[in-house]
There are 2 protein chains.
Amino acid sequence: MSEPPGRSEHILVVDDDARIRQMLIRYFEDEGYRVTAVADGQAMRECLDKAAVDIILLDLVLPGGEDGLGLTREIRSRSDIPIIMLTGRDDVVDRIVGLEVGADDYIAKPFHLREVLARLRTVLRRRQPAIASVSGADSETFHFDGWRLDLARRQLVTAEGEEIILTTGEFDMLAVLAKHPGRVFSRDVLMDLTHGRTLEAFDRTIDAQIARLRKKVERDPKRPSLIKSVRGIGYVFTGKPDSPRL
Amino acid sequence: MSEPPGRSEHILVVDDDARIRQMLIRYFEDEGYRVTAVADGQAMRECLDKAAVDIILLDLVLPGGEDGLGLTREIRSRSDIPIIMLTGRDDVVDRIVGLEVGADDYIAKPFHLREVLARLRTVLRRRQPAIASVSGADSETFHFDGWRLDLARRQLVTAEGEEIILTTGEFDMLAVLAKHPGRVFSRDVLMDLTHGRTLEAFDRTIDAQIARLRKKVERDPKRPSLIKSVRGIGYVFTGKPDSPRL
DNA sequence: GCGATGACGTGACGGATTGTAACAGGCAGG
DNA sequence: CCTGCCTGTTACAATCCGTCACGTCATCGC
């Protein structure tokens with residue numbers, strides 16, 4: 001609750017909407033933070049070059065051909081500064097991609113200022129490992145049965161070196177499962193993690209997506225070896241993790 | 001709904017909202033569980049120190065600077081107690097992080113009590129290798145009579161290298177038995193371990209499942225050599241463990 | 001030994017769960 | 001506006017497995 005006495009945290013806001021910048025500046029300065037607000041990626045770089053920044057609030061969509069995802073990747077390539085992404089309400093895909101690219105959290109617009117404050121404090125407090133494993137430059141690549149699943153490039157390559165083209169939804173599903181081999185995911189959890197919404201009764205969305213995914217990645221979709229069903233529960237990734245880097 | 005005879009599972013609830021604690025206590029005690037409910041991380045530690053706990057329901061956000069993620073990490077660093085995290089509806093990030101940090105499952109608030117019960121039983125029954133399996137410790141493979149039972153991949157391979165396709169229920173049954181060669185399991189225990197529920201009178205569920213399993217894994221199902229019956233008691237796994245891979 | 005009794009094996013049935021083809025709405029790209 | 005891809009939905013097929021029914025077998029008292 002109390003401020004760190006020595007110095008206050010420095011927040012960098014990147015958003016092209018002047019009203020939002022103004023609103024965030026006012027609110028967080030009232031809360032005792034130092035705030036710098038800029039409108040685009042170039043100004044962001046300049047700020048990062050000359051001032052110490054503790055956390056970045058980054059709008060996902062920016063004018064001038066740069067978007068938050070690219071900027072996040074850029075920042076992550078050389079720094080661990082916590083990043084909270086501001087996204088549209090329903091950009092579930094972007095959120096997941098954002099996390100994979102190295103953002104620490106996101107907040108959907110429109111947001112309540114109190115919520116932003118809460119998330120910001122959480123991220124600052126949490127900082128350390130958490131997503132840390134994700135933030136490693138290209139370390140987010142999974143190897144199993146000779147296959148390679150590259151989260152950054154969003155591509156899947158077989159043991160024979162052939163790339164398998166997956167749709168966005170298929171890739172997200174596979175990514176969630178492959179990240180936790182041996183873990184049984186319920187359909188609820190899968191729906192939440194891949195779609196950001198809750199499962200309705202008699203909802204076969206997950207099943208259909210799994211079937212389509214199996215048709216692409218399983219040698220014999222009738223006898224899956226990578227993704228197995230667990231009756232009454234959900235699905236589990238049963239690929240055998242290789243020792244990475246071979 | 002009779003009590004599990006010997007002992008009941010001990011649930012530790014960690015939530016700062018007294019109403020939620022009260023609600024969970026009442027419901028789970030009615031269901032025959034023992035419940036301890038505390039409000040913060042410190043109380044949680046004290047409880048863990050002095051009592052045996054079977055599963056933890058952990059609120060993600062807690063007062064006093066500690067949150068569920070940190071506590072989960074802390075618990076995981078020294079124990080495998082199953083953890084179910086209680087999260088706000090939209091904290092997708094925290095859920096993902098939660099799973100990565102080692103939680104076994106999560107439930108979004110507000111929740112239905114029946115749902116909590118279902119998840120809890122699932123987790124208790126299927127204590128997941130969670131992150132542990134990622135490290136490549138493939139100790140979760142059993143070898144007997146030249147056969148190989150791979151728990152992570154959920155597959156059974158004969159001495160001739162042929163895979164035998166088992167259903168979810170068959171695999172779970174075989175896994176329980178094969179983990180403890182020579183130990184006689186009563187039907188009650190098998191029902192509990194494979195279905196998470198107690199055996200009703202005149203319930204032939206286990207027998208049927210054993211019969212189906214034998215038909216797939218026994219050379220001569222009439223004269224079983226892997227899974228033998230113990231009249232009046234239950235079943236015992238009599239496969240000869242090989243020295244695992246030399 | 002012999003029938004009674006109870007335990008176990010197992011085929012069959014059907015409700016529930018899962019697989020999947022087909023369709024259509026939505027959306028991006030032209 | 002058209003076109004093609006993606007994906008949620010629907011309907012139906014396949015599978016799983018709890019239950020029932022009946023047959024066999026072990027055990028026991030006589």
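Nothing here was measured: the structure is a model prediction, and the numbers come from that model. Labels below follow one simple rule: chain letters A, B, ... track the order of the sequence lines, proteins then strands, and each chain is numbered from 1.
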Side-chain heavy atoms of W147(B) within contact of D242(B), under 4.5 Å: no
message: Applying side-chain hydrogen bond (donor to acceptor under 3.5 Å, both in side chains), can you list everything that pairs with T205(A), at least two apart in sequence or on another chain?
response: D203(A)
- prompt: Which salt bridge (Lys or Arg N to Asp or Glu O under 4.0 Å) pairs, counting each pair once, include a residue from residues 167-180 of chain B, with sequence neighbours left out?
  reply: R126(B)-D172(B), R154(B)-D172(B), E170(B)-K216(B)
task: Kindly write out the residues that satisfy side-chain hydrogen bond (donor to acceptor under 3.5 Å, both in side chains) with E160(B), not counting sequence neighbours, or none if the list is empty.
output: T158(B)
Salt bridge (charged side-chain N to carboxylate O under 4.0 Å, His left out) against R219(A), all qualifying residues, sequence neighbours excluded: none
statement: Residue pairs meeting ring-ring contact (aromatic ring centres under 6.0 Å, His included), one or both in residues 148-186 of chain B, sequence neighbours left out, come to H180(B)-F185(B)
Below 3.5 Å is the cut-off: list the nitrogen or oxygen pairs between protein and nucleotides 24-28 of chain C, distance only.
none

task: Going 5' to 3' through nucleotides 13-19 of chain C, assign each nucleotide B (protein heavy atom under 4.0 Å from a base atom), S (under 4.0 Å only from sugar-phosphate atoms) or - (no protein heavy atom that close).
output: ---BBBB
task: Anything under 4.0 Å to a heavy atom of chain A counts; send over the first and last such nucleotide of DNA chain D, read 5' to 3'.
output: dC6(D) to dC17(D)
field: Residues which pass side-chain hydrogen bond (donor to acceptor under 3.5 Å, both in side chains) with D188(B), listed by chain and number, not counting sequence neighbours
entry: none
field: ring pair (Phe, Tyr, Trp, His ring centres under 6.0 Å) involving Y106(B) - partner list, sequence neighbours excluded
entry: none
query: With A43(A), which residues qualify under side-chain contact (heavy atoms from CB on, under 4.5 Å), at least two apart?
result: V38(A), D40(A)
Under 3.5 Å, side-chain donor or acceptor atoms of residues 224-231 of chain B against the rest of the protein: list the pairs with distances, not counting sequence neighbours.
unit_1, atom_1, unit_2, atom_2, d
S225(B), OG, E218(B), OE1, 3.3
S229(B), OG, R214(B), NH2, 2.8

- prompt: To the nearest Å, how far apart are F202(B) CZ and dA7(C) C1'?
  reply: 12 Å
